[in-house]
2 protein chains.
Amino acid sequence: MRKTVLVYGLLGGVLVAILKATEYRFLVLEHSLEIYGGIVALIFSGLGLWLGLKRTRPKHTVEVREVLVPVGGPFERDVARVEQLGITPRELEILEAMAAGLSNREIAGRLFVSENTVKTHAGRLFDKLSARRRTQAVQLAKEARLIP
Amino acid sequence: MRKTVLVYGLLGGVLVAILKATEYRFLVLEHSLEIYGGIVALIFSGLGLWLGLKRTRPKHTVEVREVLVPVGGPFERDVARVEQLGITPRELEILEAMAAGLSNREIAGRLFVSENTVKTHAGRLFDKLSARRRTQAVQLAKEARLIP
DNA sequence: GCGAAAATCACCCATTCGGGTGACGCGCCA
DNA sequence: TGGCGCGTCACCCGAATGGGTGATTTTCGC
């Protein structure tokens, strides 16, 4: 945005300079003032139009209302699987937070630990789940019924 | 649109008339030309801006419908929601791949496009879903019944 | 067929993630 | 009491991700 304003102003300055340079030529005409104004008006209205379009196009103003979907059976964790994979309680917490779409930093803040700690937990979790990415970890965990 | 042009032209004419009427007052000033141009530029750029806004504003007029969906049957995409959010088919594909735990590079390979393309799609998706991370995007998309 | 929307790709930058290593404290229990 | 599991934290580094800009081509509705 700052850049846009800058360009805008610059163009304006250049325009004024050009018009000033050609001022005398315009003055010898009968309706120089009108021509001058017309040109400026045209150019700047075009500029303004372009700017307005440009600046507001990606403004969708979408309103989203939450819809709670009635869920069938309550979730039940596959404890056997948890033990089989050797996943600790703390790691499960990290896993749930991860599934909720939180970043490591946010998880750290929520669980009152450092970001580094979260990273270690997450790393070990990826090992145990054979995952390489957190999205994959979440997906696998859901399939394994470790999280809802 | 025709009407708009008419109004626009009319306003321009009126403006020129006003400026013409006050021409002599301006002329006694030293930098009358610059002032004149500046005023015209300001007014018309404002006008153009307003016009640009006006013309693109009634883009969507989003209608929010709340639908309670009975659970149990196979997954059915909430098409209304998809349209509300303005999510394109291609973006949905990326979303599904993302939910499957694939990286951008893997998605790119699977859909036979470049990684950059996947990133742009993903970026727009995050915008539309108001998400900052892919895990969050997946989570929100599932809540909105965009993906299973 | 014209214009808007969609899809494609590139480049840059900052942040986040993932992976590896090492270390410390605490509780447990053999 | 020494080992072990768990949780905690730090540092480094490369890869992945997110965000922005800009541009071109395809597609499609009117």
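Each chain gets a letter, A, B and so on, in the order the sequences are listed, and its residues count up from 1.
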Next on the checklist: Let me check the geometry of the helix from C:dG1-D:dC30 to C:dA30-D:dT1. What is the bend angle between the axes at its two ends, five pairs each, to 10°?
Outcome noted: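 Terminal axis comparison yields 50°.
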Could you work out, with salt bridge (Lys or Arg N to Asp or Glu O under 4.0 Å) as the rule, every residue matching [X], not counting sequence neighbours?
X        : value
A:Arg110 : none
A:Lys119 : none
A:Glu106 : B:Arg133
A:Arg77  : A:Glu96

Test item: [X] and [Y] side chains (from C-beta on) under 4.5 Å apart, heavy atoms:
X        : Y        : answer
A:Arg90  : A:Val113 : yes
B:Arg134 : B:Ile94  : no
B:Leu111 : B:His121 : no
B:Met98  : B:Leu95  : yes
A:Gln84  : A:Asp78  : no

To the nearest 0.5 Å, what is the distance between [atom1] on [X] and [atom2] on [Y]?
X        : Y        : atom1 : atom2 : answer
A:Glu83  : A:Arg81  : CD    : CZ    : 12.5 Å
B:Thr120 : B:Leu125 : OG1   : CG    : 11.0 Å
A:Leu85  : A:Lys128 : CG    : NZ    : 9.0 Å

Between the protein and nucleotides 28-30 of chain C, list the N/O to N/O atom pairs that are separated by less than 3.5 angstrom.
none

Round to the nearest Å and state the distance from [X] atom [atom1] to [N] atom [atom2].
X        : N      : atom1 : atom2 : result
B:Ile107 : D:dA16 : CD1   : C1'   : 12 Å
B:Leu85  : C:dA5  : CG    : C1'   : 17 Å
A:Arg105 : C:dA14 : CZ    : C1'   : 12 Å
B:Lys119 : D:dA15 : NZ    : P     : 15 Å

Among [range], which contact DNA chain D at a heavy-atom distance under 4.0 Å?
range                       : answer
residues 125-142 of chain A : A:Arg133
residues 110-117 of chain A : A:Val113, A:Ser114, A:Asn116, A:Thr117
residues 87-103 of chain A  : A:Thr88, A:Pro89, A:Arg90

Item to check | Residue B:Phe112 excluded, over 12 heavy atoms near CZ under 6.0 Å | outcome: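 Counting neighbours around CZ of B:Phe112, 12 or fewer heavy atoms of other residues, nucleotides or ligands fall under 6.0 Å, so no.
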Checklist entry - Can you name the side chain to side chain contact (heavy atoms under 4.5 Å, CB included) partners of B:Ser130, sequence neighbours left out? => result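 Counting only residues at least two positions away or on another chain, B:Ser130 forms no side chain to side chain contact (heavy atoms under 4.5 Å, CB included).
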Next on the checklist: On the nucleotide D:dG7, are OP1 or OP2 found under 4.0 Å from the side-chain N or O atoms that A:His121 carries?
Outcome noted: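 For A:His121, the contact criterion (side-chain N or O under 4.0 Å from OP1 or OP2 of D:dG7) is not met.
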Next on the checklist: Strictly below 4.0 Å: does B:Asn104 bring a side-chain N or O up to OP1 or OP2 of D:dT17?
Outcome noted: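 So the side chain of B:Asn104 is within the cut-off, an N or O lying under 4.0 Å from OP1 or OP2 of D:dT17.
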Checklist entry - Short question: side chain of B:Gln136, backbone of B:Arg132 - any donor-acceptor pair under 3.5 Å? => result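 Yes, B:Gln136 side chain to B:Arg132 backbone: donor-acceptor pair under 3.5 Å.
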Counting only pairs under 3.5 Å, give me each side-chain donor-acceptor contact of residues 140-148 of chain A, with atom names and distances, residues two or more places apart or in other chains.
unit_1: A:Glu143; atom_1: OE2; unit_2: A:Gln139; atom_2: NE2; d: 3.0
unit_1: A:Arg145; atom_1: NH2; unit_2: A:Glu76; atom_2: O; d: 3.0

Would you list the protein and nucleotides 21-24 of chain C atom pairs, both N or O, that sit under 3.5 Å from each other?
none

Next on the checklist: So which atom in B:Ala97 and which in B:Ile107 form the shortest heavy-atom distance, rounded to 0.1 Å?
Outcome noted: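 Result for this residue pair: CB-CG1, 3.6 Å.
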Checklist entry - Between A:Val138 and B:Leu129, is there a shared hydrophobic cluster once you connect ILVMFWY residues whose side-chain heavy atoms come closer than 4.5 Å? => result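 No, no single cluster joins them.
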